Q: 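Here you go, one structure.
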2 protein chains.
Amino acid sequence: MNLRFLETFIWVARLNSFSATADRLHTTQAAVSNRIAALERELGVRLFDRDLRSVRLTPEGRAALSRAEDIVRLTQEFQGAISSKDALRGRLAMGAIDSVVHSWLPRLIRRIQQTYPCVELDLTVDTSLTIAGQFHRSELDLAIMMGPVIAPQVESRFLGSLPCSWYAAPDMDLPAEPLPIASLAAWPILAFSRGSKPHQDILRHFADAGVKATALSNFNSIATMMILAEDSLGVTMLPDAAAQGAITAGRLRRLAVTPPPPPIDVHAAYTTQPRNTIATTVASMAQAEAEAFGRRGRDEEGDAG
Amino acid sequence: MNLRFLETFIWVARLNSFSATADRLHTTQAAVSNRIAALERELGVRLFDRDLRSVRLTPEGRAALSRAEDIVRLTQEFQGAISSKDALRGRLAMGAIDSVVHSWLPRLIRRIQQTYPCVELDLTVDTSLTIAGQFHRSELDLAIMMGPVIAPQVESRFLGSLPCSWYAAPDMDLPAEPLPIASLAAWPILAFSRGSKPHQDILRHFADAGVKATALSNFNSIATMMILAEDSLGVTMLPDAAAQGAITAGRLRRLAVTPPPPPIDVHAAYTTQPRNTIATTVASMAQAEAEAFGRRGRDEEGDAG
DNA sequence: ACCAGTTACGTGAGCCGTAAGCATT
DNA sequence: AATGCTTACGGCTCACGTAACTGGT
């Protein structure tokens, strides 16, 4: 009996899919298939009914699920309760983009400090382009940025999407919404620094709309962009999470623009060779925080709608 | 985290010894040492204080123990509850000596039948010599008999000791106890079949005492020996467990003889190559039953004294 | 010298990922 | 053709056993 197999079983039961479980556990479909097969062989019981488009728990599988969850939960509690807080120690050079600073990074840092007080955090906040460059020059152990990193001996995990919107000060005199993207070009655009993906996205949007946008101002800091937008100096595209406070305070309003801007897909990258335990562990924690943040966002949206 | 490591940790905590744990789990001291070291490394916590003559739980280890026991217990319950009763199926040719028939074999058989109804039991009861011969000719999958089997690709487990004593009918006219072994030679000796180890032990005892015992009668069956002894036809050496009923009924009495007869050390043997899952599993069950039987015997003795 | 736990090291089983297979839409 | 699980297979990691080591009586 193998705890990893039990955990795999639980995820397959939750997701009703071998391939989704493989993604979730960062392994292959074949590995998941083999783990379940091994578990079924060992128990002499069929845990899942597989017909071609679906995977469902058998009655035996249902009985096994609650027990398996107990075992895995107890094991995690065991690790948490007994494991020395000093077990993971050392320095972690982490790079992150500003958008996550305005969403779940504070929670992540707090959790790292509480769980591993002997890990020394060294945080760099910059654009994805800069973060990626530093990561490839091995100046960073863990890079949290847009887009996956495809490189040998680098593990890249999708952490979550941060939805974005256009924002402006409430007193700005804008046409009736929904605004076509082209119409925004009449105002100064407060945008991420040149060369960043959001910057390029904005350019492409305007290009698609047949408009040449010249009034793009470039900043490295979301906070700066927000302050300038609140002062009615232009319109800006931000992660919704960053704008939340200003919206609530009435200093910004969200613009309905077509097409809506794409979300920021946040990924974490770290080397697998050499293996970096701290980076791997923190990447898992980041994934959990990003997931919780996404869930919270959706729940609030659900409450509002 | 590995369940086998947790189980090893529990046994070391119970036995306060790495080597005893290695024996109990049928592995090497080095393996136990490495498992504990790995667990300690993973948790970043020292679980045991080792000074040279003793192993003791640290406070952290004590906290870990109860949780580890929960996890292992849940896992065993998981296996028991979910595992198909039909998972283990097939035929098991088992040989056993008469002494275990009169101690824990009935319980073992009942448990096998309840746990694995699809296992077909094929039981041979004979002397250790005969059982061993059949086992070596591959006529038996599992041999339960005296003495370990030392052979390549054969696993031999010590199951437990069955204490033995001399017995006679209460109305037999014997000298005052404790009786020196030599004095027994005056009566017919109802003994195990010639060539069996108890038979040889008796012969050696008499030889050591300088007495030539000619009145040895040979039987293959403990039940026969008991019936004849109850009819005052001689004195006999039996496992205490077998004589228990006759003692309680007043049909036999236990004789204090010096030196006392040696106990019967019962071992189980099965081939590791080819690997025989049923035999291995049943050997473990036999070990558990023999241990429980031994505990029960000692408890009763403790109650009486 | 002996005992009990640790360390070193070569070996083997088990698990993984790649890739091909298979059945169905 | 695409999807989604299974099977086959080579590679690699990790745990094991053997054996040497350590440190204390």
Side-chain angles (χ1 to χ4, degrees), chain A residues 1-9 11-42 46-58 61 150-157 272-277 280, chain B residues 1-9 11-43 46-58 61 150 152-157 272-277 280:
Chain A
M1 182 74 59
N2 183 323
L3 283 169
R4 196 191 297 116
F5 290 8
L6 284 186
E7 205 177 345
T8 305
F9 162 62
W11 276 106
V12 173
R14 283 185 191 159
L15 301 174
N16 285 318
S17 156
F18 283 39
S19 39
T21 300
D23 288 346
R24 183 64 182 70
L25 299 180
H26 310 110
T27 182
T28 59
Q29 195 188 42
V32 173
S33 180
N34 281 321
R35 289 179 199 174
I36 299 301
L39 208 51
E40 288 180 331
R41 200 178 329 117
E42 188 175 347
R46 195 153 187 82
L47 295 170
F48 294 104
D49 276 330
R50 295 87 136 166
D51 48 30
L52 279 203
R53 294 283 150 181
S54 73
V55 170
R56 278 157 290 104
L57 277 173
T58 59
I150 311 296
Q153 303 178 337
V154 170
E155 172 93 13
S156 195
R157 293 197 195 181
T272 54
Q273 204 69 18
R275 183 188 183 85
N276 188 330
T277 310
T280 309
Chain B
M1 183 74 60
N2 184 322
L3 283 169
R4 197 190 296 116
F5 290 8
L6 285 186
E7 204 178 344
T8 305
F9 162 62
W11 276 105
V12 173
R14 282 185 192 159
L15 301 174
N16 286 319
S17 156
F18 282 41
S19 39
T21 300
D23 287 346
R24 184 64 183 71
L25 299 180
H26 310 109
T27 181
T28 59
Q29 193 189 41
V32 173
S33 180
N34 281 321
R35 288 178 200 175
I36 299 300
L39 209 51
E40 288 180 331
R41 200 179 327 118
E42 188 175 346
L43 295 171
R46 195 152 188 81
L47 295 169
F48 294 104
D49 277 331
R50 294 88 134 166
D51 47 27
L52 281 203
R53 295 284 151 182
S54 74
V55 171
R56 276 158 290 103
L57 277 174
T58 60
I150 311 295
Q153 303 179 337
V154 169
E155 173 94 12
S156 194
R157 293 198 196 181
T272 53
Q273 204 70 18
R275 186 189 181 83
N276 188 331
T277 310
T280 309

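The shown structure was predicted, so the numbers you read here are calculated from the model rather than taken from an experiment. In the text below, chain A, chain B and the rest are named by the order of the sequence lines, each starting its count at 1.
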Q: With sequence neighbours left out, which residue pairs that include part of residues 18-28 of chain A fulfil the side chain to side chain donor-acceptor pair (under 3.5 Å) condition?
A: Ser17(A)-Ser19(A)
Q: Among residues at least two apart in sequence or on other chains, which ones pass side chain to side chain contact (heavy atoms under 4.5 Å, CB included) with Asn16(B)?
A: none
Q: Heavy atoms only, 4.0 Å cut-off, all strands: where does Val55(B) land among base, sugar-phosphate and nothing?
A: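 Val55(B): backbone/sugar contact only, no base atoms under 4.0 Å.
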Q: Are the side chain of Glu42(B) and the backbone of Met1(B) linked by a donor-acceptor contact shorter than 3.5 Å?
A: yes
Q: Mind calculating the distance between CD (Glu42(B)) and C1' (dA15(D)) to the nearest angstrom?
A: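 From Glu42(B) CD to dA15(D) C1': 14 Å.
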Q: Check whether any side-chain nitrogen or oxygen of Arg50(B) sits under 4.0 Å from OP1 or OP2 of dT6(C), and answer yes or no.
A: yes
Q: When Watson-Crick pairs (N1 to N3 and N6-O4 or O6-N4) and G-U wobble pairs (N1-O2 and O6-N3) count only below 3.5 Å on both distances, what is the dot-bracket string of DNA chain C, with | for other-strand pairs?
A: |||||||||||||||||||||||||
Q: Which part of the nucleic acid does Phe5(B) contact within heavy-atom distance under 4.0 Å: base, sugar-phosphate only, or nothing?
A: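 The residue Phe5(B) makes sugar-phosphate contact but no base contact.
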Q: What's the CG-C1' distance between Leu39(A) and dC5(D), to the nearest Å?
A: 17 Å
Q: Expressed as a whole number of angstroms, how long is the span from Arg41(B):CZ to dA15(D):P?
A: 9 Å
Q: Without decimals, in angstroms, what is the distance between Asp51(A) CG and dT3(D) C1'?
A: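 Taking atom C1' of dT3(D) as the reference, CG of Asp51(A) is at 14 Å.
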Q: Name all residues meeting the side chain to side chain contact (heavy atoms under 4.5 Å, CB included) criterion together with Asp49(A); count only those two or more places apart in sequence or in a different chain, and write none if there are none.
A: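 Checked Asp49(A) against side chain to side chain contact (heavy atoms under 4.5 Å, CB included); matches are Arg56(A), Thr58(A).
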Q: Which whole-number value in Å describes the distance from Ile36(B) CD1 to dG5(C) C1'?
A: 12 Å
Q: Heavy-atom contacts under 4.0 Å between residues 12-20 of chain B and DNA chain D, which residues?
A: none
Q: Specify the separation, in whole Å, of atom CG of Asp49(A) and atom P of dT6(D).
A: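 From Asp49(A) CG to dT6(D) P: 12 Å.
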Q: Taking the side chain as every heavy atom from C-beta outward, state whether Glu7(A) and Trp11(A) have any atom pair closer than 4.5 Å.
A: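 Counting from C-beta outward, Glu7(A) and Trp11(A) do come under 4.5 Å.
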Q: What's the CZ-C1' distance between Arg4(A) and dC14(D), to the nearest Å?
A: 11 Å
Q: Distances under 3.5 Å between protein N/O atoms and the N/O atoms of nucleotides 7-9 of chain D, please, pair by pair.
A:
none

Q: Dump the pairs, protein N or O against N or O of nucleotides 20-25 of chain D, anything under 3.5 Å, distances to one decimal.
A:
residue, atom, partner, partner atom, Å
dG24(D), N2, Arg53(B), NH2, 3.3

Q: Check the distance between dC16(C)'s P and Leu25(A)'s CG and give it to me in whole angstrom.
A: 10 Å
Q: Would you be so kind as to tabulate the donor-acceptor pairs closer than 3.5 Å made by side chains of residues 30-40 of chain B, with sequence neighbours excluded?
A:
residue, atom, partner, partner atom, Å
Asn34(B), ND2, Ala30(B), O, 3.1
Arg35(B), NH1, Thr8(B), OG1, 2.9
Glu40(B), OE1, Arg50(B), NH1, 3.2
Glu40(B), OE1, Arg50(B), NH2, 3.3
Glu40(B), OE2, Leu47(B), N, 2.7
Glu40(B), OE2, Phe48(B), N, 3.3
Glu40(B), OE2, Arg50(B), NH1, 2.9

